[in-house]
Protein chains: 2
Amino acid sequence: MSEQKTNSDTRERILDIAERLFMENGYEATSMRMITGAAEVNLAAVNYHFGSKEALLREVFRRRLGWLNEERLRALDRLEQQVVGGALKPSQILEAFFGTLLRMGENPALGGMTFLRLLGRTLTEPAEFIQTFFAGEYAEVIERYKRALYRALPDVPQAEIVWRLHFMLGAMSYAIAGTDVLRVVTGVEVGDLAGEMPAEEFDDSAFARRLAQRLMPFLLGGLRAPLPQFDEPAVKQKESPEKAAREIRPEI
Amino acid sequence: MSEQKTNSDTRERILDIAERLFMENGYEATSMRMITGAAEVNLAAVNYHFGSKEALLREVFRRRLGWLNEERLRALDRLEQQVVGGALKPSQILEAFFGTLLRMGENPALGGMTFLRLLGRTLTEPAEFIQTFFAGEYAEVIERYKRALYRALPDVPQAEIVWRLHFMLGAMSYAIAGTDVLRVVTGVEVGDLAGEMPAEEFDDSAFARRLAQRLMPFLLGGLRAPLPQFDEPAVKQKESPEKAAREIRPEI
DNA sequence: GTAACATCAAAACGAACGTTTGAAAGAAGT
DNA sequence: ACTTCTTTCAAACGTTCGTTTTGATGTTAC
């Protein structure tokens, strides 16, 4: 097989194990010896197959993010073909962007929740090589979705849309990464959150589906919230002092 | 001065430097030699004053989080005294919880944006001693605010409120931690986001204020979003198949 | 003046880190 | 069968890590 660099399953086994360990411990706290030990391969195997620890992390993400972001672009393409020239509904755009990702959590063959959690945690890692990598991987898909949102919400200032996209990414990443983290913070037992469906949430795939169903309305609600008003004049300020944003109806 | 364990400013200088370096590099990637070097103190000073690197990180957080969470409790006390027995508005609760934190970002004496960013990033660190520490620090304040939200939103299932609290914490943490991170991801230049107010956003204090003004409406919108509906029967399901959540008005 | 505390410089500790090396073993091509 | 290329292996490399120790020098308190 000269089509591929290698045909052995050593590479894949390393990637699978590294994906899990990086998720559990973070990049810095996961050593080469932990990875090669758990994968039952020689210590030198990582450097042989990938070159370095940094390159290993990049490859762990590339094999999943590549598919994900292509799928996101395809989903957006499909939507835009349906409404040629017209504007999409925000809910459709969010579904294409976040739904595509959250559906990966239901599919173990695509990394499942392990990869989702890893992604959420790694996005905030300060290491420069990580940030550089993500910037490159996400550039195109973010650009496309940003423009789609601009068109879907023509009355909302573009800067505001970018901020809210930022917030939505954060809510999603944290919701995933902090599954065990913030469950401690919020003091909720795993069983508590279940309530209605006791045993299901322990299953990764069912959990991912529930998460998506709960997250999407939240994100939509945030995206469609009243615009903020600023306490100092920005460009112009001719409207009445208190507008829509400050006073909120008390009930949901 | 026998009132305090120590009177020197070595402790404070170490804490200030460690706060910044932990924020910039993360816990694992910040070495004792980097900290003591930048603080211009002896290498042994950290172990002398704090005992260990882990204890140093805890102390970095304790001196800020202690004040923050006490202030949050005081803010909630004040609100609840105004409406004895009654229910608060969700907006008031969110303002007390998130507003108190975001106002720290405007005050350099309380750590400013440096501490906020550190907090946002460290909340997702997988290290067990970190998670244990946060769980203890946050237990009471989360419990109080959770109950306040239950009372403010009596018609919303409590499990749903916990999830949305989780989402809101995520959106906030990420919004703060990812200031430089997701700015790269979203491909937005610092100047772009400004638009209306070009030079101000470079100032930490002004940035924190803007962030709060944009984040609060988003959080409120998410908290007050229509409830999700599940594709499989949970407790009971007698309403029509498609209810409020799925179909969303396309405009903001 | 003496006891207790704080800081320092310097050196060393063992442990763990990512990476490299050179040879052995295996697979593929002819 | 011989060669060539790839893969695996044990062992070692040099570095850095967090921590501890030793001894000297200020500093503060009673």
Side-chain angles (χ1 to χ4, degrees), chain A residues 1-22 24-61 122 125-130 132-133, chain B residues 1-61 63 122 125-130 132-133:
Chain A
M1 305 191 175
S2 58
E3 43 152 354
Q4 206 73 351
K5 235 180 296 177
T6 146
N7 58 347
S8 101
D9 63 337
T10 297
R11 274 179 61 101
E12 292 299 319
R13 196 155 74 257
I14 291 175
L15 288 173
D16 288 340
I17 294 283
E19 182 172 72
R20 206 196 72 222
L21 291 182
F22 282 146
E24 290 174 354
N25 314 307
Y27 173 76
E28 300 278 357
T30 303
S31 73
M32 300 286 258
R33 285 166 179 83
M34 291 167 63
I35 297 170
T36 53
E40 296 180 292
V41 299
N42 190 268
L43 172 59
V46 170
N47 288 285
Y48 174 78
H49 283 286
F50 303 98
S52 69
K53 190 186 174 187
E54 292 193 1
L56 170 61
L57 181 72
R58 276 191 293 262
E59 192 55 35
V60 165
F61 277 102
T122 312
E125 289 259 356
E128 198 188 305
F129 86 94
I130 297 182
T132 305
F133 172 74
Chain B
M1 308 189 175
S2 58
E3 43 150 356
Q4 206 74 350
K5 233 179 299 180
T6 147
N7 58 348
S8 97
D9 62 339
T10 297
R11 275 180 61 100
E12 293 299 319
R13 195 154 76 258
I14 290 175
L15 288 174
D16 288 341
I17 295 283
E19 182 172 73
R20 205 195 75 222
L21 292 182
F22 283 146
M23 181 272 284
E24 291 174 352
N25 313 306
Y27 174 75
E28 300 278 357
T30 303
S31 72
M32 301 286 258
R33 286 165 179 84
M34 291 167 64
I35 296 170
T36 54
E40 295 180 295
V41 299
N42 190 271
L43 171 57
V46 170
N47 289 286
Y48 175 79
H49 283 287
F50 304 98
S52 69
K53 189 186 175 186
E54 291 193 1
L56 170 62
L57 181 72
R58 276 191 293 261
E59 193 54 35
V60 164
F61 277 102
R63 69 168 178 167
T122 312
E125 291 257 356
E128 197 189 305
F129 84 96
I130 297 181
T132 305
F133 172 75

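Lettering follows sequence order; numbering is per chain, from 1.
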Any side-chain N or O of H49(A) under 4.0 Å from OP1/OP2 of dT6(D)?
no
What's the CG-P distance between D9(B) and dT27(D), to the nearest Å?
13 Å
When all nucleic acid strands are considered with a 4.0 Å heavy-atom cut-off, which category describes E54(A): base, sugar-phosphate, or nothing?
nothing
Distance check needed: dC17(C) C1' versus Y27(A) OH, whole Å only.
11 Å
To the nearest Å, how far apart are F50(B) CZ and dG18(D) P?
15 Å
Base, sugar-phosphate, or nothing for V46(B), non-hydrogen atoms under 4.0 angstrom?
nothing
In whole Å, what is the span from the CE atom of M34(B) to the C1' atom of dG18(D)?
14 Å
Quick one, L56(B) and I35(B) - any side-chain contact, counting heavy atoms below 4.5 Å?
yes
Can you tell which of dC9(D), dC17(D), dC8(C) lies closest to the side chain of N42(A)?
dC9(D)
Check A38(A) against I17(A) and note the closest heavy-atom contact, atom names and distance.
CB-CG2, 3.6 Å
Sub-6.0 Å ring centroid separation between Y27(B) and F129(B)
yes
Roughly how many Å is it from CZ in R33(B) to C1' in dG18(D), rounded to a whole number?
7 Å
Could you say whether G51(B) or A44(A) is positioned toward the 5' end of DNA chain D, judged by the nucleotide with the nearest heavy atom to each?
A44(A)
Starting at CD of E40(A) and ending at C1' of dA10(D), how long is that distance when rounded to a whole Å?
17 Å
Roughly how many Å is it from CD in E28(B) to P in dA16(C), rounded to a whole number?
14 Å
I want to check something: taking the side chain as every heavy atom from C-beta on, are R11(A) and E59(A) in contact at a cut-off of under 4.5 Å?
yes
Think N47(A) has a side-chain N or O under 4.0 angstrom from the OP1 or OP2 of dG18(C)?
no
For the side chain of Y48(A), starting at C-beta, report the closest nucleotide among dC17(C), dT21(D), dT7(D).
dT7(D)
Given dT8(D), dT19(D), dT19(C), which nucleotide is nearest the side-chain atoms of L43(B)?
dT19(D)
Do the side chains of N42(A) and Y48(A) get nearer than 4.5 Å, heavy atoms only?
no
May I ask you to evaluate whether T10(B) reaches the phosphate of dT7(C), defined as a side-chain N or O under 4.0 Å from OP1 or OP2?
yes
Of all the choices, dT19(C), dG18(D), dA10(D), which nucleotide is nearest to the side chain of K53(A) once you look at every atom?
dT19(C)
On the nucleotide dG18(D), are OP1 or OP2 found under 4.0 Å from the side-chain N or O atoms that S52(B) carries?
no
Would you mind classifying the nucleic acid contact of T30(B) as base, sugar-phosphate or nothing, using non-hydrogen atoms under 4.0 angstrom?
sugar-phosphate
In whole Å, I'd like the distance from the CE atom of M32(A) to the C1' atom of dC9(D).
15 Å
